[in-house]
Amino acid sequence: MTKYIGLYFIPLFFLACQSNVFDQMLRNDQELHKPQPGEWRFEHKENSQSLHDFRQSNFIRPDSKRKNIDLIPIGTFTLNDAQQLSLCCEYLSIFYQIPCRLSTVISDTAIPTKNRRIGTDHQIQLLAPFILDSVLLPQLDSHAFCSMAITTQDLFPKPEWNYVFGLASFTNRVSVSSIYRFRDQPALNQIDNVCLLRLLKTASHETGHMVGLHHCQHAHCVMNGSNSLQELDQIFCRLCSDCLQKLNSNIPLKIEERNIQLLQFFRKNHLETPIQELIPDSIAFAN
Ligand SMILES: [Zn+2]
Ligand SMILES: [Zn+2]
């Protein structure tokens with residue numbers, strides 16, 4: 001009988017510590033403002049997702065077999081683009097605490113002429129659904145939990161649309177995002193931190209959907225929806241306590257260690273705004 005005591009004691013102790021961590025984080029969650037016309041929450045009336053809802057949803061989640069995030073570059077990448085992609089992969093592996101694998105570049109000639117067009121700024125635009133269905137899905141690796149294409153080319157979802165930032169099929173666990181409109185400066189001889197931050201937010205947000213997280217209504221959070229680049233720039237990199245708790249119920253996370261690693265990543269890459277978002281949590285964990 002005695003030997004079973006430990007089995008019950010440890011999980012209860014572990015759960016108590018974990019909930020304490022989320023309670024500490026909850027105090028650092030920042031309240032959302034009233035949505036304004038044009039903003040995501042004004043234009044899309046979405047229901048909030050509880051922890052219970054999240055646990056009940058039947059999303060395929062990372063497990064011992066499907067444990068990688070695959071990042072697939074499509075298009076022509078400068079040295080700096082490639083560096084940003086490599087940083088994005090490093091970031092996702094810290095953010096989700098599962099391995100991220102960066103694949104070799106796929107040329108955009110893999111998208112046939114009938115599935116591309118020339119946009120109003122004379123730029124090449126690729127048909128996003130074709131990339132999901134005919135490029136990513138056929139080569140979805142059995143060890144990949146999800147496959148995310150990042151392209152330097154502009155995207156469009158259907159002929160009547162001007163462009164789209166990205167497109168995803170959450171049930172098929174594939175998505176494509178474009179950095180074409182993320183770039184802040186045309187001179188690409190140094191890392192464009194505005195572009196990098198937009199890429200990190202978009203990639204972590206889309207992966208969040210892949211694990212079953214809905215748009216966050218709870219606080220400022222990377223899972224907030226965005227309707228424009230301007231709104232994307234205001235979104236936090238931080239996952240709020242509510243979304244992190246959901247994620248943790250799916251992928252057990254070492255919350256404090258993760259926070260330290262994220263801070264190290266942002267400091268190393270001189271990304272000041274997300275550092276300010278995470279410091280209150282690290283102070284709370286230390287006390
Ligand atoms: Zn979203
Ligand atoms: Zn959230």
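Start at 1 with the first residue, then count along the sequence. Counting convention: from 1, in listed order, for ligands and their atoms alike.
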Residue pairs meeting side-chain hydrogen bond (donor to acceptor under 3.5 Å, both in side chains), one or both in residues 160-176, sequence neighbours left out, come to S169-N172
Less than 3.5 Å apart, which donor and acceptor atoms pair up between the side chains of residues 133-142 and the rest of the protein, not counting sequence neighbours?
residue : atom : partner : partner atom : Å
D141    : OD1  : R101    : NH2          : 3.3
D141    : OD1  : H143    : N            : 2.7

Do the side chains of I124 and I118 get nearer than 4.5 Å, heavy atoms only?
yes
How wide is the angle at the Zn ion (ligand 2) spanned by C216 SG and C243 SG, rounded to 10 degrees?
110°
Take the angle between the ring planes of H209 and H215 and call it parallel below 30°, perpendicular above 60°, tilted in between.
perpendicular
Between H220 and F236, what is the ring plane arrangement, given parallel below 30°, perpendicular above 60°, and tilted in between?
parallel
State plainly whether one hydrophobic cluster holds both F130 and L126, where clusters connect Ile, Leu, Val, Met, Phe, Trp and Tyr through side-chain heavy atoms under 4.5 angstrom apart.
yes
To the nearest 10 degrees, how large is the angle at the Zn ion (ligand 2) between C221 SG and C240 SG?
120°
Summary of side-chain hydrogen bond (donor to acceptor under 3.5 Å, both in side chains) pairs that have at least one residue in residues 265-278, sequence neighbours excluded
E90-K268, E272-Q276
Heteroatom N/O/S of H218 within less than 2.8 Å of the Zn ion (ligand 2):
no
Shell check on the Zn ion (ligand 1): protein N, O or S atoms less than 2.8 Å away are H205 NE2, H209 NE2, H215 NE2
